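This one's a predicted model, so the numbers in the text were calculated from it and none came from an experiment. Residue numbering restarts at 1 for every chain, and letters A, B, ... go by the order of the sequence lines.
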2 protein chains.
Amino acid sequence: MVLADHVPQGDPLQIRQIAEQQQIPDRYLEQLLSNLRRAGLIRSQRGAKGGYLLARQPWQITLLDVMTCIEGREAQSAQQGEHSLERLVVRELWQEVNQAASEVLQAHTLQDLCDRRDAQNNADLMYYI
Amino acid sequence: MVLADHVPQGDPLQIRQIAEQQQIPDRYLEQLLSNLRRAGLIRSQRGAKGGYLLARQPWQITLLDVMTCIEGREAQSAQQGEHSLERLVVRELWQEVNQAASEVLQAHTLQDLCDRRDAQNNADLMYYI
DNA sequence: CATAAAACCTAGCGGAAAACCGGGATATAC
DNA sequence: GTATATCCCGGTTTTCCGCTAGGTTTTATG
């Protein structure tokens with residue numbers, strides 16, 4: 001979301017700035033960003049004045065994209081050794097649950113989240129006045 | 001599901017029997033059953049010839065009921081100290097995801113799962129012939 | 001009543017994953 | 001050429017889940 005906010009400026013954002021703004025350990029954030037980069041969600045520029053940029057526009061990046069990157073789940077599928085019939089049907093239903101969750105995540109983009117946040121912020125300000 | 005299968009017999013099922021049938025460590029299964037009992041999903045009878053019984057009929061027990069028991073998640077909610085606005089909206093969306101998952105779980109009962117399993121079993125047998 | 005058979009309770013272990021540092025190597029603007 | 005950034009990789013700490021263990025309480029039965 002911070003990267004999305006910074007898209008208009010056009011210049012890369014550095015780990016330090018993001019980490020400070022969001023109160024995240026910078027060394028840890030670095031690894032998360034690495035994952036996002038390897039997945040092609042963000043681009044990086046090395047060296048002085050370097051940093052990170054979104055690879056696509058904020059409305060073209062779904063939260064499912066983001067989740068699948070940072071939550072590096074490797075499906076332990078196809079290991080159907082001596083699964084009982086019970087475990088099989090439970091497994092099937094579990095996939096249905098995951099599917100439902102994924103659909104919600106895919107229905108929202110980074111832009112959506114930022115917009116919601118801004119709306120929330122405005123509401124708070126109005127209440128303050 | 002094993003308990004649901006055993007409902008017609010009417011007598012309580014013991015940990016050992018379930019553990020053996022499903023290849024689960026019995027001492028571990030004991031704790032899972034404890035959770036289900038504390039949540040009121042199953043009833044227990046202590047002493048000799050004791051065991052466990054479903055507290056309701058299999059079609060009256062949703063998988064959401066079961067999940068919320070064995071996955072003892074205590075919501076760490078209401079701890080909105082210095083949550084940034086970003087974290088707030090992300091949290092909101094995360095609840096949407098959970099909601100979607102819960103709805104799928106709530107739409108299926110123990111009976112459903114058992115029926116599916118039996119259907120699957122029949123299909124397998126037909127194929128075998 | 002005595003005994004055995006079951007559920008009940010509480011504590012802790014072990015491994016794996018997540019969260020988090022640290023030390024360099026590498027690329028790049030100036 | 002140097003300062004500044006990302007990159008890479010390994011190690012540490014914390015947390016959680018699956019599981020084990022010992023002992024207590026309840027109850028059917030002879």
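In this structure, the CG atom of B:Leu36 is 11 Å from the P atom of C:dC8, given to the nearest Å. One can place CG of A:Leu29 at 13 Å from P of C:dA19, the figure rounded to the nearest angstrom. Atom-to-atom, CZ of A:Arg87 to C1' of D:dG18 comes out at 13 Å; the value is rounded to the nearest Å. Rounded to a whole Å, the CD1 atom of B:Ile15 is 14 Å from the P atom of D:dT20. If you measure from atom OH of A:Tyr52 to atom P of C:dT28, you get 14 Å, rounded to the nearest angstrom. When rounded to the nearest whole Å, the span between CZ of B:Arg16 and C1' of C:dA7 equals 11 Å. Between the C1' atom of D:dG18 and the CD1 atom of B:Ile70 lies a distance of 13 Å, rounded to the nearest Å. At whole-Å resolution of the value, CG in B:Asp11 and C1' in D:dT27 are 16 Å apart.
Here A:Ser34 does not reach the OP1 or OP2 of D:dT6: none of its side-chain N or O atoms lies under 4.0 Å away. For B:Tyr28, no side-chain nitrogen or oxygen approaches OP1 or OP2 of C:dC13 to under 4.0 Å. Within the structure, a side-chain polar atom (N or O) of B:Gln45 is placed less than 4.0 Å from OP1 or OP2 of D:dA28.
Taking only side-chain atoms of B:Gln31, from C-beta outward, the nucleotide of C:dT10, D:dG22, C:dT28 with the closest atom is C:dT10.
A salt bridge links B:Asp5 with B:Arg117: the distance from a Lys NZ or Arg NE/NH1/NH2 to an Asp or Glu carboxylate oxygen falls below 4.0 Å. Between B:Asp65 and B:Arg56 there is a salt bridge, since at least one side-chain N of the basic residue sits less than 4.0 Å from a carboxylate O of the acidic one.
At a cut-off of 3.5 angstrom, counting only N and O atoms as typed in the model, there is no donor on one side facing an acceptor on the other between the side-chain of A:Arg46 and the base of C:dT28. Evaluation of atom-type donor-acceptor distances gives no pair under 3.5 Å for the side chain of B:Arg27 against the base of D:dG18.
Between the side chain of A:His6 and the main chain of A:Asp11, a donor-acceptor pair closer than 3.5 Å is present. A donor-acceptor distance shorter than 3.5 angstrom exists from the side chain of B:Asp112 to the backbone of B:Thr109, with no hydrogens or angles considered.
Counting any heavy atom pair closer than 4.0 Å across all strands shown, B:Arg38 reaches sugar-phosphate atoms only and no base atom. Note on B:Leu33: nothing from the nucleic acid sits closer than 4.0 angstrom, heavy atoms only. Within the 4.0 angstrom heavy-atom criterion, only backbone atoms of the sugar-phosphate kind lie near A:Arg37; the bases stay farther away.
Mapping A:Lys49 and A:Pro25 onto DNA chain C via the closest heavy atom, the residue that lands nearer the 5' end is A:Pro25. The residue among A:Ile24 and A:Ala48 whose nearest nucleotide of DNA chain C is located toward the 5' end is A:Ile24.
A:Gln21 and A:Gln17 share no side-chain donor-acceptor pair at under 3.5 Å.
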